[in-house]
Amino acid sequence: MLTLFSNAKINLYLEIIGSRPDGFHELVMVMQSVALADRITLRPIKAPNISIECDHPLVPTDSTNLAYKAVSLLQKRFPNRTNQRGGVEIKIEKKIPVGAGLAGGSSNAAAALFGLDVLWDLGLTRVELQELGAELGSDVPFCLVGGCAIATGRGEAIDSIPNPPKLHTVLAKYTSLSVSTPWAYKTYRQQFDHTYKPLNELASLEERRSRLHSGPMVKAIGSHDTVAIGTHLSNDLEKVVLPAHPKVMQLKEVVQTIAAQHNGIGTMMSGSGPTVFALIETAEQAQAISNAVRQTIDDPDLQIYTAEFTSRGISHH
Ligand code: ATP
């Protein structure tokens with residue numbers, strides 16, 4: 001049996017560059033793992049079944065669960081190595097809000113890949129695990145690596161940014177509000193495809209990089225310049241998600257105002273939302289912001305978490 005913790009991520013930067021021949025968007029993101037984690041327990045069993053148990057009512061426990069898909073992909077891809085192994089029971093204890101833009105499902109899939117590689121002694125390399133992860137979802141390769149990274153392509157090509165500052169976050173989300181990631185990208189395409197840059201499949205990596213605007217954020221992280229990190233926080237998907245969800249727009253304004261009163265570094269929506277996060281230097285300041293937001297918005301539907309940056313996607317402890 002193996003118990004793992006799969007960390008959530010936030011997007012410090014998310015830019016939509018254009019359309020790809022495969023129908024996905026070409027993206028550049030700066031992702032950061034935060035210490036808000038689901039607990040995943042993997043128990044190998046003799047029978048060749050995959051079973052999922054989860055304490056969150058919105059998470060499917062059938063073959064559409066991303067952790068289930070991860071196991072089935074391993075079985076399909078490595079029949080010789082997995083045939084003798086039987087099946088697995090997976091228990092997911094959810095802490096990461098669902099449909100939140102925090103890659104909860106993707107992180108569970110990453111934990112299942114990572115854990116079964118160990119339990120079934122598959123001997124997969126890091127690159128092999130990342131390639132399998134990319135087949136399950138664009139955020140899975142990042143979740144396997146974690147820490148701070150630039151993600152390009154459709155989000156699956158990961159370059160780690162070494163030694164990022166250890167900041168703290170306040171994360172706020174209305175429990176009853178979820179945003180579907182496909183909806184957010186589809187709506188963005190409908191409204192903004194005239195801004196897309198033409199992408200030549202054969203363009204060199206260097207040419208493609210020259211179209212990106214993430215440089216100042218990466219530089220700010222590298223030099224631990226928190227003021228510049230705050231200035232360069234950016235997320236193209238805010239342009240479609242905030243107008244469609246005025247409550248999230250208001251939440252962002254409240255969090256931003258309160259964070260500014262506590263020397264906050266910046267406030268932004270993560271991924272396709274609707275989670276809004278504020279960055280701050282210390283755990284005490286994060287708690288103070290959390291308390292003040294809670295006092296200002298007296299709504300039991302509002303979930304608020306504090307979590308620090310972490311250097312891992314999957315951890316044991
Ligand atoms: P991302 O930031 O990667 O777009 P998200 O945080 O917006 O992801 P998730 O919490 O991963 O969204 O869930 C999106 C949907 O995926 C859920 O509504 C749920 O139906 C489905 N799902 C499948 N497997 C899982 C899982 N293990 N955990 C959570 N959701 C899952």
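Numbering of ligands and ligand atoms starts at 1, following listing order. The first residue in the sequence is number 1, and the count goes up from there.
- Ligand 1 has a nitrogen or oxygen under 3.5 angstrom from a nitrogen or oxygen of L66.
- Of the possible donor and acceptor atoms, one in the side chain of R294 sits under 3.5 Å from a partner among the backbone N and O of L302.
- Not a single heavy atom of G271 lies less than 4.0 angstrom from ligand 1.
- Between K252 and E238, at least one side-chain nitrogen of the basic residue sits less than 4.0 Å from a carboxylate oxygen of the acidic one, meeting the salt-bridge criterion.
- The nearest protein atom to atom 3 (O) of ligand 1, hydrogens excluded, is given as D139 OD2, 2.8 Å; this is a heavy-atom distance.
- A donor and an acceptor atom, one from each side chain of S33 and R312, are nowhere located under 3.5 Å apart.
- Among all protein heavy atoms, the one lying closest to atom 5 (P) of ligand 1 is G101 N, 3.5 Å.
- Contact annotation for T64 and ligand 1: only backbone heavy atoms (N, CA, C, O) come within less than 4.0 Å of the ligand.
- Taking each of A109, P60, G105 in turn, the one with a heavy atom nearest to atom 21 (C) of ligand 1 proves to be P60.
- When only interatomic distances are considered, the shortest N/O to N/O separation between A67 and ligand 1 does not fall below 3.5 Å.
- For atom 2 (O) of ligand 1, the closest non-hydrogen atom of the protein is A103 N, 3.0 Å.
- Closest heavy-atom contact between L66 and L136: CD2-O, 3.7 Å.
- Between Q285 and T282, the side chains place a donor N or O and an acceptor N or O closer than 3.5 Å (distance only, hydrogens not considered).
- Using a 4.0 angstrom heavy-atom cutoff, K94 counts as in contact with ligand 1.
- For the residue pair E15/H213, the side-chain donor-acceptor check at 3.5 Å is satisfied.
- In this structure, K9 forms no cation-pi arrangement with F142, as its terminal cationic atom is not both closer than 6.0 Å to the ring centre and no more than 45° off the ring axis.
- In this structure, a donor-acceptor pair under 3.5 Å is present between the side chains of Q287 and N291.
- Not a single heavy atom of H56 sits under 4.0 Å from any atom of ligand 1.
- Although no hydrogens or angles enter the test, the distance criterion places a donor-acceptor pair under 3.5 Å between the side chain of H262 and the main chain of I258.
- In this structure, atom 16 (O) of ligand 1 has no protein heavy-atom contact shorter than 4.0 Å.
- Looking at atom 27 (N) of ligand 1, its nearest protein heavy atom turns out to be N108 OD1, 2.9 Å.
- Checking side-chain atoms of Q256 against main-chain N and O of V254 turns up no donor-acceptor pair under 3.5 Å.
- Considering E128, E131, E135 as possible partners of R77, the one that fulfils the side-chain hydrogen bond (donor to acceptor under 3.5 Å, both in side chains) test is E135.
- Heavy atoms of N65 found under 4.0 angstrom from ligand 1 belong to the backbone as well as the side chain.
- Between Y196 and Y188, the ring-plane angle classifies as parallel under the 30° and 60° cut-offs.
- Of all the heavy atoms of I96, none lies under 4.0 Å from any atom of ligand 1, so neither backbone nor side chain is involved.
- Of all the atoms in ligand 1, the ones that sit under 4.0 Å from a non-hydrogen atom of S106 are 3 (O).
- For atom 18 (O) of ligand 1, the nearest protein heavy atom (residue, atom name, distance) is V98 CG1, 3.8 Å.
- Residue contacts with ligand 1 for V59 involve side-chain atoms from C-beta outward but no N, CA, C or O (heavy atoms, distance under 4.0 Å).
- Of all protein heavy atoms, the one lying nearest to atom 4 (O) of ligand 1 is T181 OG1, 2.6 Å.
- When only non-hydrogen protein atoms are considered, atom 9 (P) of ligand 1 lies nearest to G99 N, 3.5 Å.
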